[in-house]
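Below you'll find the structure, written out as structure tokens, and then a few comments.
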Amino acid sequence: MKTPLKWLRRYVDIDIPLEELCNRMVLSGFEVEEVIDLSKTMENVVTGIVVTMEKHPDADKLMVCGIDVGGDAPLQIVTGASNLFVGAMVPVALHGAKLPNGMQIKKGKLRGVVSEGMLCSGEELCLKEADYPGAEVYGILILHENCPAGTDMRDVLGLNDQVIDFAVTANRPDCQSVIGIAREVAGVLGKELHLPKPAYRTAGGDIKEHISVSVEDTDLCPRYYGRVVRNVRIAESPVWMKECLSAAGMRPISNIVDITNFVMLETGQPMHAFDLRDVRGSKIIVRRAKAGETITTLDDKDHTLTPEMLVIADAEGPSCLAGIMGGLDSEIKPDTKDIFFESAKFRRDSVRRTARALGMRTESSARFEKGMDILGVEYAMERALQLIDELDAGDIVDGVIDCNEGLPAPRKLDVPADSVNSLLGLSIPGEEMAQILNRLSIPTTLSDAVLHCEIPSFRDDMEGRADVAEEVMRIYGYDHITGEPMRGAITRGQKSKERLNDDQAKACLIAHGLREMETYAFISAKAPDLLSLDANDPRRMAVPLMNPLSEEYAVLRTQLVSSTLNVLATNYSRKNPSARLFEIARRFIPKALPVTEQPAELPTLSIGLYGDDIDFFVLKGVLEDLFAVFGLTPDYAPYREPYLHPGRSASAEMDGNKLAVFGELHPATAARYGFETRVYVAEVYLDVLYQVADESVTIFKPMPKFPAVERDLALLCDEDLPVATLEKIIRSCGGHRLEKVTLFDVYQGSQIEKGKKSVAYRILLRSQEGTMTEEEVSTVLEKMMRELEKIGAVLRS
């Protein structure tokens with residue numbers, strides 16, 4: 001159900017952000033499939049007034065116009081339109097504008113004369129005559145508004161709105177209307193519902209003098225309701241009504257047709273208007289079709305009918321397919337004077353079978369197939385007549401035709417509040433249950449701990465205690481339900497969230513060629529000395545074991561690096577030319593010594609690498625991919641760690657949280673462990689990583705349709721300028737067209753001046769709209785260089 005937000009606000013006061021409203025509606029049982037921002041279809045298009053017009057010096061059919069758009073000076077725009085005149089107000093697409101048809105407008109030249117924008121036609125704004133008068137006239141759209149120059153065209157066209165598309169389940173046909181959604185929003189927010197109260201004037205007369213109605217098959221049509229309106233005045237609908245219809249996806253046509261469509265979307269009750277002069281014999285007969293009968297529907301298609309199909313016929317033949325579509329002969333015409341309004345309830349399975357057999361599915365049939373409120377038939381008619389009166393669209397004749405075999409009596413449900421609580425496993429006060437049900441337009445009183453509910457006719461889905469409990473629970477909040485372990489001899493186990501995260505991390509590391517190792521949680525008390533940890537370093541405060549296996553396993557480890565280095569040293573001493581190892585284990589951090597309580601056990605990842613093909617950037621690349629698995633792009637900065645090389649070590653941080661410390665092993669530390677090659681280690685704090693991990697849904701993008709453009713940038717900058725700073729600027733300036741940026745070379749040597757370094761990036765650009773031109777590529781690169789030069793980085797010559 002596409003529900004425009006402006007329309008929704010006509011019935012309920014919404015004082016929370018749109019995102020929060022959507023979240024709360026989802027929690028109450030209404031899935032939000034999409035939020036459509038109508039303002040995004042058009043950008044940077046404003047109203048302008050033609051102040052001057054001159055012929056183009058080099059083109060007879062072009063005019064050079066001065067357009068006042070509310071700025072300091074008029075814009076110069078070249079156009080070939082022939083319907084312009086000085087003083088005309090027109091839509092103006094400024095430089096950088098985006099049009100609904102996908103066009104992007106930029107400054108340019110036409111036959112040597114600068115044009116600072118474009119004047120728009122109705123076609124270029126994707127408008128029809130029904131959307132705006134004159135939209136289909138050949139040439140520039142001439143506006144009729146009395147608004148200042150420079151007014152946003154979205155305000156003029158009513159496009160500053162958002163549409164929420166709710167997925168309505170089959171058991172809630174009452175929510176296939178704006179009022180139905182408003183009723184739910186009011187219940188969720190605890191706001192008052194402001195429903196229209198139909199009131200109108202009549203012009204006398206008697207409906208029976210104009211038409212008669214008979215229902216032959218009441219099993220397929222339980223209720224048929226009709227009114228007559230004379231002296232119809234066909235005209236355009238008011239702007240507010242056209243905006244509501246357009247936002248909901250319906251094209252405005254004329255006031256009478258628009259009223260029937262508006263009421264259908266507002267109340268959920270489809271209606272039909274017959275041209276009274278085309279109702280032959282002044283009779284309406286609701287009956288099954290006769291074998292072989294044919295009808296031409298409003299879409300100008302012929303259909304052959306069968307006796308299982310219900311039709312609205314006149315004295316001579318079918319005029320309408322009941323609940324699906326009207327006949328071509330009965331449609332409202334520009335010269336229509338008198339009309340007969342129909343509002344009815346048709347049996348849902350009859351409408352569904354007919355629509356399927358004829359291959360027709362309409363807004364009307366979709367609603368009838370899910371069921372209509374038999375009492376809502378009258379309200380919809382009254383609402384339509386109210387709009388007829390408000391818009392002065394005709395004279396309402398006195399009298400009503402209401403064919404039915406009896407309307408259902410009000411339904412009541414008496415449900416003990418305790419039984420609702422027992423079903424939900426909660427202890428909700430009965431008074432709060434009654435309050436929730438009343439908020440949902442279910443009149444309820446509480447007496448002797450029993451809920452006395454008057455079930456509205458539009459809530460056919462409510463039949464017993466379980467339905468009352470569901471209504472209470474979805475508004476009270478499912479988050480109030482606390483989980484309890486399953487009881488029984490057998491329970492189904494599953495991996496914890498931490499185990500699942502560990503599996504993801506291991507899969508990433510194994511893909512990089514690392515092998516998992518497992519070491520004791522005990523280390524030597526001398527390990528901090530081997531790592532040159534300071535005397536006040538908390539990692540020296542280890543928990544001693546009462547009965548250690550040996551001196552080498554005397555304390556619980558507070559870091560994993562020493563265990564990793566022991567394994568790497570063993571591999572190196574046994575002439576293994578390279579090693580890529582990792583371990584996921586726990587660090588044990590005591591709160592104080594002596595230990596009086598269980599130490600904190602923090603999950604940690606340790607990585608150790610050495611070999612001819614290993615360097616600092618290999619280790620950094622492994623960590624970058626690991627963080628990417630969890631949706632993170634941390635910042636990297638130099639970091640001093642006693643056991644790491646002071647110039648080849650770094651930390652990874654995210655929003656002030658330290659995720660990892662990594663780098664090349666300090667030569668002194670390497671010597672203590674017996675290494676004569678460069679060794680690289682990392683310690684990743686998984687407790688922090690898992691906490692800040694982005695667990696949002698992975699979004700897949702389609703394969704690119706257009707080729708990418710590859711460019712290399714060799715930058716000369718100060719040697720102490722971090723490459724991360726350069727990369728941030730490149731990514732920021734590249735915008736959505738930057739697909740990938742890769743650092744492939746960092747050079748310092750005799751070919752560049754002392755104190756400088758050369759940093760080379762490979763940049764991949766791609767547009768989703770088409771193949772990028774050289775001009776577009778140059779624009780992006782020039783923007784990058786302007787920003788890079790601000791921090792002292794220039795192109796290397």
Side-chain angles (χ1 to χ4, degrees), residues 1-4 18-19 22-23 26 30-45 93 96-106 123-126 154 159 161-168 246-249 361 500-501 503-505 507-508 511-512 621-622 624-634 693-713 727-744 761-781 783-784:
M1 175 64 198
K2 291 185 177 179
T3 309
L18 176 61
E19 183 178 359
C22 292
N23 290 338
V26 169
F30 287 85
E31 180 183 353
V32 176
E33 293 190 328
E34 183 182 14
V35 175
I36 305 166
D37 191 345
L38 298 179
S39 66
K40 297 299 183 182
T41 60
M42 182 188 305
E43 296 177 6
N44 215 20
V45 182
K98 173 186 174 184
L99 301 186
N101 62 5
M103 291 179 62
Q104 300 277 346
I105 306 304
K106 296 182 179 180
E123 180 181 4
E124 288 160 338
L125 297 180
C126 296
R154 292 175 291 194
L159 293 178
D161 199 1
Q162 293 157 312
V163 180
I164 311 173
D165 191 358
F166 291 101
V168 179
S246 297
R361 183 169 177 81
L500 293 173
N501 286 336
D503 289 348
Q504 283 187 287
C508 174
H512 275 278
V622 172
E624 285 179 339
D625 283 355
L626 174 65
F627 296 142
V629 167
F630 295 95
L632 302 177
T633 53
D694 185 357
E695 297 181 355
S696 59
V697 176
T698 302
I699 299 176
F700 293 89
K701 295 181 179 179
M703 294 293 290
K705 298 180 180 179
F706 304 101
V709 177
E710 190 177 275
R711 293 289 187 272
D712 289 348
L713 281 183
E727 186 170 327
K728 279 186 179 179
I729 293 176
I730 292 173
R731 290 187 182 279
S732 173
C733 295
H736 65 279
R737 293 185 174 180
L738 181 62
E739 185 169 293
K740 188 176 182 182
V741 54
T742 305
L743 173 68
F744 69 87
Y761 285 96
R762 181 155 295 131
I763 297 171
L764 202 66
L765 299 171
R766 193 192 306 270
S767 171
Q768 299 299 321
E769 288 79 29
T771 302
M772 292 185 68
T773 64
E774 187 61 32
E775 181 181 356
E776 291 174 328
V777 175
S778 297
T779 300
V780 175
L781 296 178
K783 181 180 180 182
M784 290 179 184

[X] and [Y]: which non-hydrogen atoms are nearest, and at how many Å?
X: L99; Y: V45; answer: CD2-CG2, 3.6 Å
X: S767; Y: G770; answer: CB-O, 3.3 Å
X: P100; Y: E124; answer: CD-O, 3.9 Å
X: T771; Y: F706; answer: N-CD2, 3.8 Å
X: F166; Y: T3; answer: CD1-OG1, 3.8 Å
X: M42; Y: L159; answer: CE-CD1, 3.9 Å

Measure the [atom1]-[atom2] distance between [X] and [Y] for me, rounded to the nearest 0.5 Å.
X: Q504; Y: F630; atom1: CD; atom2: CZ; value: 5.0 Å
X: N44; Y: K98; atom1: CG; atom2: NZ; value: 12.0 Å
X: D161; Y: I36; atom1: CG; atom2: CD1; value: 10.5 Å
X: Q768; Y: E739; atom1: CD; atom2: CD; value: 7.5 Å
X: L632; Y: E624; atom1: CG; atom2: CD; value: 12.5 Å
X: I763; Y: M784; atom1: CD1; atom2: CE; value: 4.5 Å

Would you say that L765 contacts L738 through its side chain, given a criterion of any heavy-atom pair below 4.5 Å between the two side chains?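 The answer is yes, as the side chains (C-beta and beyond) meet within the 4.5 Å cut-off.
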Should V163 and V35 be marked as a side chain to side chain contact (heavy atoms under 4.5 Å, CB included) after you check the CA-CA gap, both sets of side-chain angles, and the distance that decides it? CA-CA 6 Å; V163 180; V35 175; over 6 Å; no
Q104 vs E769, test: side chain to side chain contact (heavy atoms under 4.5 Å, CB included). Steps then yes/no. CA-CA 11 Å; Q104 300 277 346; E769 288 79 29; over 6 Å; no
Pair R711 + E774, salt bridge at N-O below 4.0 Å: yes
Taking atom CD of E123 as the centre, report whether more than 12 heavy atoms of other residues, nucleotides or ligands fall under 6.0 Å from it. no
Using side chain to side chain contact (heavy atoms under 4.5 Å, CB included), reason through L18 and I164 one step at a time and then give a plain yes or no. CA-CA 9 Å; L18 176 61; I164 311 173; 3.4 Å; yes
